[in-house]
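Numbering of residues begins at 1 and proceeds along the displayed sequence. Both backbone and side-chain heavy atoms feed into the values below; hydrogens, waters and symmetry mates do not.
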Amino acid sequence: QQIVSYGTWQLPIGRNQHFLSKSPGWVDEVVGGWQISPVVNWSSGLPFTLTYSGCGNNLPGEAPCYPNGPATGLPTNVGSFSTTGHNRSFFQGFNNLYKNGPQGNFSAPGLDQIGTTGRNTKFGPNFFDTDMAVQKNFTIHESLFAQFRLDAYNAFNHINAGNPSGNASTVNIDQGQVFITSEPPGAKPRQLQLAVRFQF
């Protein structure tokens, strides 16, 4: 699910505008005619599949292997960014489901059983990005004008988190959290670009 919205807003500053409407020509050349054009992209997370340590012991080869239980039984939440690990926690994994047996709403399937959780039944973090352009046209002569433009990609420098590992069980109890260390496709840090274009 994705929502993309965009538009253009001319700032109400300069001659014949709400602010500084009676400004002299040289002031209007500096403060008048500026436009802001944002593009906002918000989308839900991408799906991923739950599995568990020791999965291949029940099903040899390339057969799919999932735990038993409803995917809704595993709550997820994007934690704060860790400056030491350079990651974020996303869910609390159950501890070594294969050896220790049932963990909450989940259990290990029997021999030669693929499990009931299913493929792509959990979703990763949402994606949010805002690109923004600030521009102004300067008239040079009749139909000839120059356009100054500043483009800001990921203008708010929002850090988007990618999907975590689907392995929902761990070996040691102190490794119970599953972390996100990657970014989703299309994610980028803030980038600025300056441009001047002549149009005639």
Side-chain angles (χ1 to χ4, degrees), residues 1-7 38-59 61-109 113-132 151-192:
Q1 297 175 338
Q2 186 176 39
I3 296 175
V4 179
S5 60
Y6 55 90
V39 179
V40 180
N41 183 348
W42 181 88
S43 60
S44 57
L46 298 174
F48 65 95
T49 301
L50 292 176
T51 183
Y52 63 96
S53 299
C55 203
N57 296 338
N58 283 350
L59 285 168
E62 300 297 325
C65 184
Y66 320 120
N68 284 332
T72 54
L74 187 65
T76 58
N77 181 56
V78 179
S80 59
F81 184 76
S82 170
T83 56
T84 55
H86 300 283
N87 55 20
R88 294 180 173 194
S89 63
F90 190 57
F91 62 82
Q92 186 74 26
F94 36 78
N95 291 303
N96 212 326
L97 180 65
Y98 179 73
K99 292 182 179 180
N100 296 341
Q103 301 286 331
N105 295 321
F106 296 91
S107 63
Q113 296 180 0
I114 64 173
T116 61
T117 300
R119 180 178 179 271
N120 286 340
T121 50
K122 293 299 292 183
F123 289 86
N126 295 335
F127 178 86
F128 176 81
D129 181 73
T130 301
D131 298 334
M132 189 174 299
D151 291 294
Y153 303 98
N154 191 6
F156 301 115
N157 205 28
H158 177 74
I159 300 176
N160 286 289
N163 275 5
S165 164
N167 191 341
S169 66
T170 54
V171 177
N172 301 316
I173 193 168
D174 60 345
Q175 297 176 340
Q177 287 182 310
V178 175
F179 293 95
I180 298 169
T181 57
S182 63
E183 292 183 337
K188 54 189 177 296
R190 179 168 51 214
Q191 300 174 5
L192 301 178

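Under the side-chain contact (heavy atoms from CB on, under 4.5 Å) criterion, D151 pairs with A133, R149, Y153, Q193, not counting sequence neighbours. In this view, F156 satisfies the ring pair (Phe, Tyr, Trp, His ring centres under 6.0 Å) rule with no residue, not counting sequence neighbours. Under the side chain to side chain donor-acceptor pair (under 3.5 Å) criterion, Q1 pairs with no residue at all, not counting sequence neighbours. Scanning for side-chain contact (heavy atoms from CB on, under 4.5 Å) contacts around S43 gives Q2, N41, F127, with sequence neighbours left out. Legend: residues meeting side chain to side chain donor-acceptor pair (under 3.5 Å) with N120, ordered by chain and number and at least two apart, are T49.
Side-chain contact between F48 and L50: present, with at least one pair of heavy atoms (C-beta onward) separated by less than 4.5 Å. Between P47 and T121, every side-chain heavy-atom pair lies at or beyond the 4.5 Å cut-off.
Between the N163 side chain and the L46 main chain, a donor and an acceptor come within less than 3.5 Å of each other. A donor-acceptor contact shorter than 3.5 Å links the side chain of T117 to the backbone of P67. With T130 contributing its side chain and N154 its backbone, the two residues share no donor-acceptor pair below 3.5 Å.
The CZ atom of R190 sits 10.5 Å away from the CD1 atom of I159 when rounded to the nearest 0.5 Å. To the nearest 0.5 Å, atoms CD1 (I114) and OH (Y66) are separated by 6.0 Å.
Residues F128 and W42 come closest through the heavy atom pair CD1-CD1, 4.1 Å. Considering all non-hydrogen atoms of both residues, N68 and P109 come closest at ND2-CA, 3.4 Å.
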Could you tabulate the donor-acceptor pairs under 3.5 Å formed by side-chain atoms of residues 70-80, not counting sequence neighbours?
none

